[in-house]
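Just so you know, these numbers use all the heavy atoms, side chains as well, and skip hydrogens, waters and symmetry mates. Below, chains carry the letters A, B, ... as their sequence lines are ordered, and counting in each starts from 1.
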Amino acid sequence: MTSILFYLTSITYKIENNTPIIYLFGKTKEGKRLIVKDPTFQPYFYVLIKNEAILEKIKNLAIEEGKVLKIEKIQKNYLEKEITAHKIIVNLPSSIIKFKDELKKWDEIERVLEYDVLFTRRYLIDKKITPMTLLKVEQNTIEKAKVTTITAKTVEEDNEELIPNPKIIALDIETYNPDGKQINPEKNPIIMLALKGENYEKVLTWKKINGKNIEILNSEADLLQRFKEIIETEKPDILTGYYSDGFDLPYIKSRANKYRIKLDLGWDESELNIKGKTEKIAEINGIIHLDVLKFVRRIMRTSLKTDTYTLDNVAQEILGEHKHEVPLDLLAQTWDVEDETQLKMFADYNLHDANLCYQLCKKLLPNMLELVKIISLPLFDVQRMSFSQLVEWYTIKQAQLFNELIPNRPGYYTQQERNKKRLHGAFVYEPTPGLYQNLVVFDYRSLYPSIIASHNISIGTVNCETCEKKEKVPTEYAELNICKDKQGFLSTIIKNLIEKRARIKIAIKKKPTQLLKARSEALKLLSNSFYGYLAFPMARWYCFEGAEATTAWARFYVKNVIEKAKETGFKVLYADTDSCFILLEKKTKKDAINFCKEINKNLSEQMELELQGYYHTGLFVGVKGSKTGAKKKYALLDENNKIIVKGFETVRRNWSFIAKEVQKEVLNIILKEKNKNKAFAYVKDVVEKLKKNKIDINKLIISTQLQKPIDEYENVGPHVAAAKLLEKKGKPALPGMLLKFIICKGEGKIRDKVKLPEDVKNEDYDSEYYIYHQVIPAVETIFNVLGLNIEKQLTERDQTTLGQF
DNA sequence: TGCCCGCGGGG
DNA sequence: GTGTACGCGGGCA
């Protein structure tokens with residue numbers, strides 16, 4: 001028997017001979033691929049019982065293939081209180097849900113717990129194994145397959161060093177797409193496929209294009225075969241794409257299905273698997289598939305300025321590089337006429353996109369890996385998690401160490417109830433709407449975790465009934481006390497995160513490295529997410545009072561900062577949950593930096609105020625009402641004369657082009673030229689043209705996707721009406737189709753006024769609709785904060801009111 | 001007002 | 001796979 005060291009990259013399990021076998025995919029120190037099978041791990045869950053007599057009945061429980069193997073009595077904590085639990089060990093992971101459903105019906109059972117911790121995740125947590133790090137395995141037997149496979153006697157963590165230089169390949173496809181925005185993998189072929197690795201770049205295609213890295217195949221089927229071949233020979237550890245979960249890989253899969261090509265890229269010869277109901281996820285056993293977009297949208301969101309996560313915007317902000325500008329809507333046509341020079345341009349574009357994605361993945365990987373090290377779940381999973389999931393899984397891992405039972409996820413009803421609860425929110429300092437010069441934004445987010453840590457906020461400490469020493473929470477909304485006798489579970493794990501980060505920050509000061517920075521970022525990210533988690537309706541460790549206490553103290557601290565800013569001579573413009581906007585007026589940027597330093601001096605070391613940015617101009621949109629956690633709504637002009645738009649979510653595809661165009665132009669005029677009259681005149685001009693039906697109808701088309709067959713709709717919205725019109729013409733209206741329609745003059749509801757673009761003449765469209773439901777809503781908040789009711793102004797003929805600006 | 005429904009990203 | 005998004009806004013009932 002020999003022992004082998006290997007880096008674990010991904011994990012799955014299979015049932016063999018009615019026994020679950022854990023499959024660990026990884027690479028040895030020598031870089032050889034290896035599959036380790038571990039048959040020793042058994043699925044289990046917990047019950048809290050009222051009466052020991054019931055144990056015998058549980059022991060004999062059997063449902064279908066599922067059997068109870070063993071019961072262990074065990075001392076645990078549940079919600080920070082000591083308790084006796086019973087661990088029910090069973091034969092099959094899939095039997096656990098059935099046992100849970102049965103046991104919940106029994107009177108003698110008080111509670112069933114930990115029935116929904118996925119088997120592979122349970123394995124990692126219990127074995128204290130961290131993916132992407134080095135494991136030691138005692139080998140039992142060996143079998144020869146596509147990838148060397150061994151059965152392990154034991155598996156354990158050896159060392160926390162990360163896998164060195166994982167090999168990344170990025171992929172991007174171009175598809176034949178004659179119908180504009182509409183995407184149809186059933187009908188339209190893949191015409192180009194680009195792959196980019198460290199020393200590898202290639203565009204596969206199947207028409208004649210001359211170029212260094214272009215490989216011409218005979219057909220789309222050959223292209224797919226060649227793609228498979230390249231992945232097999234290049235053996236990447238990581239395959240990445242931009243929206244490859246939702247687009248590239250599902251598209252490749254469905255084209256391969258068409259030609260009956262098996263995409264058995266998995267190390268165990270399993271196929272590329274597209275799973276997920278609401279959102280697609282593409283998985284290949286052994287190869288880690290990363291979708292950069294998902295990480296960007298879920299995790300980078302808060303740290304990016306951009307509001308739309310197109311590859312172009314994201315690459316521009318993170319890498320400082322744009323996509324190639326090409327007329328993408330002409331690609332299909334170009335492909336048909338086989339214009340070689342033009343096709344070469346598209347091939348370059350294709351490869352460049354893959355390259356951007358490759359660079360993004362490489363750049364973000366250290367951050368993802370640090371999260372993997374903290375959470376101890378596979379990179380594949382961590383990369384796709386939202387903040388709340390990261391917090392939850394970190395807490396689950398910690399629960400094991402603190403001997404805490406994991407609370408159940410709330411049922412639908414509980415979630416609904418929690419959803420109704422309104423948190424007495426963060427302190428909001430209302431902005432005076434307007435255009436401002438020289439703004440500084442302070443970000444005060446670390447306030448929240450430090451409050452939770454330093455004030456010992458946790459499920460077991462909020463309004464604890466048994467304690468003697470307690471601290472009163474400064475709020476008039478509720479009687480809240482926090483226990484001072486014992487350390488809370490949640491507050492302790494947050495405190496540990498903060499302290500860990502503090503140590504790393506010291507190390508960074510001594511010697512800054514990319515790795516340390518990524519680690520610090522990951523810790524910050526996680527600890528900053530805890531507060532939101534406490535009030536998150538789906539949270540297992542939901543703690544509404546804890547969240548209330550946190551905001552109460554936050555108000556206390558934030559007010560203090562605002563006061564200090566005023567004392568220092570700054571004008572405070574706006575403050576909310578996590579940030580504070582000030583106007584420099586006669587003060588300088590340096591004064592702001594000094595102020596920030598001054599504030600930090602007087603804070604406990606766990607707290608930190610950051611200078612988030614400096615801006616020439618800001619168009620400030622107030623928060624409507626005063627709802628908790630309302631998102632910022634503003635447009636800023638940064639030091640590079642770039643416009644940053646936040647919170648103007650109007651720009652969606654199901655809006656007409658005219659609405660999008662007007663909004664963009666208005667922001668441009670106001671921020672760059674600072675000319676409100678010009679902006680108003682511009683809108684007025686567009687509205688006049690709309691009234692006279694002089695706007696090109698192509699700008700009025702609204703596109704909405706049909707999600708299901710027409711007769712499944714309970715409510716007939718405009719796009720459903722459009723679908724019906726299409727059907728009336730004898731044309732199909734199938735799910736997935738992008739329906740284009742124009743709202744025309746007529747009686748009744750909007751859906752009654754829907755017409756298909758081909759049937760619309762310029763004089764037909766409903767000017768009123770486009771003015772009041774498209775153009776005005778797109779810009780009205782902008783004009784509102786400038787003190788102008790655009791709708792009113794537009795309907796009043798009197799131009800003199802403009803003087804009120 | 002509450003509920004249903006689509007959006008994002010991708011060509 | 002012991003299964004998962006999320007948060008928002010428009011239109012209809």
Side-chain angles (χ1 to χ4, degrees), chain A residues 12-15 20 43-45 66 90 92-101 112 114-122 172-185 188 190-192 241-251 273 275-281 283 291-294 296-298 301 307-314 326 328-332 335 346 349-350 353 381 384-389 392 409 536-538 629 631 647 649-655 702-708 713-721 738 749-751 773-774 777:
Chain A
T12 188
Y13 83 93
K14 296 176 191 184
I15 305 295
Y44 66 88
F45 62 101
V90 303
L92 290 173
S94 57
S95 68
I96 288 185
I97 288 296
K98 294 167 200 159
F99 285 134
K100 180 259 301 183
D101 289 338
V112 188
E114 305 202 6
Y115 50 77
D116 59 355
V117 180
L118 308 183
F119 190 55
T120 53
R121 293 186 180 181
R122 167 72 83 193
D172 183 53
I173 61 169
E174 304 302 323
T175 63
Y176 182 78
N177 206 0
D179 312 316
K181 264 257 156 208
Q182 190 186 328
I183 278 161
N184 189 346
N188 297 324
I190 296 167
I191 54 180
M192 291 175 193
Y242 200 84
Y243 196 40
S244 43
D245 262 346
F247 177 69
D248 300 78
L249 289 175
Y251 208 109
N273 181 23
K275 53 185 188 174
K277 281 179 196 164
T278 47
E279 193 175 58
K280 282 181 207 157
I281 294 176
E283 192 173 28
D291 184 342
V292 172
L293 168 68
K294 236 163 234 180
V296 166
R297 215 166 58 185
R298 293 196 180 153
R301 187 181 43 165
D307 216 17
T308 43
Y309 306 100
T310 56
L311 178 58
D312 187 53
N313 281 346
V314 170
V326 296
L328 205 50
D329 47 340
L330 298 182
L331 173 57
W335 181 259
F346 284 113
Y349 163 84
N350 186 205
D353 272 8
D381 298 17
R384 287 171 177 76
M385 284 180 164
S386 61
F387 288 114
S388 58
Q389 285 171 306
E392 189 145 286
R409 262 204 300 247
F536 179 54
M538 301 235 286
K631 282 188 179 167
E649 60 292 281
T650 320
V651 187
R652 301 256 180 112
R653 94 158 166 218
N654 61 341
W655 280 69
I702 299 167
S703 324
T704 310
Q705 200 173 30
L706 196 69
Q707 294 292 96
K708 52 188 179 186
Y713 279 91
E714 284 180 37
N715 299 329
V716 178
H719 69 298
V720 184
L738 195 66
K749 303 196 187 298
I750 289 170
R751 65 170 174 227
H773 289 90
Q774 293 278 327

Trainee: Taking 4.0 Å as the cut-off, does a side-chain nitrogen or oxygen of A/Arg409 come that near to OP1 or OP2 on C/dT4?
Mentor: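 For C/dT4, OP1/OP2 do have a side-chain N/O of A/Arg409 under 4.0 Å.
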Trainee: Using a 4.0 Å heavy-atom cut-off across all strands, classify A/Asp172 as base, sugar-phosphate, or nothing.
Mentor: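 The answer is sugar-phosphate, as A/Asp172 gets under 4.0 Å only of primed atoms, P, OP1 or OP2.
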Trainee: Just to be sure I follow the notation: if a pair is Watson-Crick (purine N1 to pyrimidine N3 plus N6-O4 or O6-N4) or a G-U wobble (N1-O2 and O6-N3), each under 3.5 Å, what dot-bracket string does DNA chain B give, with | for pairs to another strand?
Mentor: ||||||||...
Trainee: Give a yes or no on whether A/Lys98 atom NZ has more than 12 heavy-atom contacts from other residues, nucleotides or ligands under 6.0 Å away.
Mentor: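 Yes.
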Trainee: Categorize A/Glu174 for me: base, sugar-phosphate, or nothing, with a 4.0 angstrom heavy-atom threshold over every strand shown.
Mentor: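 Sugar-phosphate only.
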Trainee: Would B/dG9 be called syn or anti, given that syn covers angles within 90° of 0?
Mentor: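 It is syn.
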Trainee: Between P on B/dG11 and CG on A/Leu249, what's the gap in Å once rounded to a whole number?
Mentor: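 In whole Å, B/dG11 P lies 13 Å from A/Leu249 CG.
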Trainee: Select base, sugar-phosphate, or nothing to describe what A/Met538 touches, counting heavy atoms under 4.0 Å on all strands.
Mentor: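 Sugar-phosphate contact only - A/Met538 comes under 4.0 Å of backbone atoms but never of a base.
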Trainee: Base, sugar-phosphate or nothing for A/Lys749? Non-hydrogen atoms, less than 4.0 Å.
Mentor: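 Sugar-phosphate contact only.
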Trainee: Under 4.0 angstrom, heavy atoms only, what part of the nucleic acid is A/Tyr44 near: base, sugar-phosphate, or nothing?
Mentor: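 Base, at least one base atom sits under 4.0 Å.
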Trainee: Heavy-atom count around A/Lys14 NZ within 6.0 Å, excluding the residue itself: above 12?
Mentor: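 Result for NZ/A/Lys14: enclosed.
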Trainee: Are any of A/Arg751's side-chain N or O atoms less than 4.0 Å away from OP1 or OP2 of C/dA13?
Mentor: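 Yes, because at least one side-chain N or O of A/Arg751 sits under 4.0 Å from OP1 or OP2 of C/dA13.
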Trainee: Report, one pair per line, the protein and nucleotides 1-3 of chain B atoms (nitrogen or oxygen only) whose separation is under 3.5 Å.
Mentor:
none

